[in-house]
Amino acid sequence: MADKITITLGTSNPHKVFEINKIANPFNIEFIPLSAENFNPNENGETFEENAKIKAVEASKVSNTGKYFMADDSGLCVDFLNGAPGIHSARYAETPDKRIEKLLFNLKEDKNRCAHFVCALCLVDDKGEVLHTEKGIVKGKISYSKKGTNGFGYDPVFLVDGINKTMAELTEDEKNTLSHRGQALFNMIQWIKSNLN
Ligand code: ITT
């Protein structure tokens, strides 16, 4: 078997680390998170892609070791809210529960509840040069109340199109098969396997 590929992950979100490694480990790729105190990127981009690059480049700068660095910028875009919370999903309110409460309050009843999750991935080398990017999207609708306890973030109120369940009612493997992150990462893994060693 080919040697394991190790990639430093520029994130302070442990849920991302867990989901990404669950998908990547069977392909002999391991993502190692940067320790949070070293990692303070200035996420001032205007798109998911820009912020993913800002975080990946910052990871390459603050790390003394490692050849490859990746970051994930993701979020929930709600049609009725003109794409909000979007790139501000992590900062929409103070806690995950308050973020969901605010979202449900802003949508109230009987509104267009169509939404989608986006995940942009950016992979750079140790000089911060972009090697590859990927983007994944999953469409759904915002439910009227929370359901399910799996996953994280907005998962309990995101009803996946074509399945009568919220993302938080899916198993880890089910979520990873169809999620924005799962789709982007699966394509990133194909690129890594063909291009890195
Ligand atoms: P890093 O920037 O350190 O990676 P973060 O959580 O701040 O961590 P983002 O800026 O990319 O990351 O914001 C992502 C937010 O979008 C996340 O905190 C959730 O609120 C939401 N989100 C992203 N992916 C999600 C998913 O799979 N399920 C539920 N919510 C998700």
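Atoms within a ligand are numbered from 1 in the order they appear, just like the ligands themselves. Side chains included, hydrogens not; waters and symmetry mates left out as well; all remaining heavy atoms used.
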**Student:** Are the side chains of Arg181 and Asn176 in contact, using a 4.5 Å heavy-atom criterion?
**Tutor:**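 SC-SC contact between Asn176 and Arg181 ruled out.
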
**Student:** Of all residues at least two apart in sequence or in a different chain, which pass the side-chain hydrogen bond (donor to acceptor under 3.5 Å, both in side chains) check with Glu134?
**Tutor:**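 Partners of Glu134 by the side-chain hydrogen bond (donor to acceptor under 3.5 Å, both in side chains) criterion, ordered by chain and then number, come out as His132.
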
**Student:** In order of chain and number, which residues sit within 4.0 Å of ligand 1 by heavy atom?
**Tutor:**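 The answer is Thr11, Ser12, Asn13, Lys16, Glu43, Lys55, Asp72, Asp73, Ser74, Gly75, Ser89, Ala90, Phe117, Phe152, Gly153, Tyr154, Asp155, Lys175, His180, Arg181, counting any residue whose heavy atom sits under 4.0 Å from ligand 1.
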
**Student:** Run through Ile23, Leu185, Leu196, Ile7 and flag the one making a side chain to side chain contact (heavy atoms under 4.5 Å, CB included) with Ile29.
**Tutor:**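 Exactly one option meets the side chain to side chain contact (heavy atoms under 4.5 Å, CB included) with Ile29, and it is Ile7.
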
**Student:** Determine which pairs satisfy ring pair (Phe, Tyr, Trp, His ring centres under 6.0 Å) with at least one residue from residues 60-79, sequence neighbours left out, and list them in order.
**Tutor:**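 Those involving residues 60-79 do not exist here.
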
**Student:** Only pairs at least two apart or in different chains count here, so list each side chain to side chain donor-acceptor pair (under 3.5 Å) that has a residue in residues 79-93.
**Tutor:**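 Every side chain to side chain donor-acceptor pair (under 3.5 Å) pair that includes a residue of residues 79-93, provided the two are not neighbours, is Tyr92-Asn106.
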
**Student:** May I ask you to establish whether Lys108 and Phe105 are in a cation-pi arrangement, using a distance under 6.0 Å from NZ or CZ to the six-membered ring centre and at most 45° from the ring axis?
**Tutor:**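 Flagged: Lys108 positioned over aromatic ring of Phe105.
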
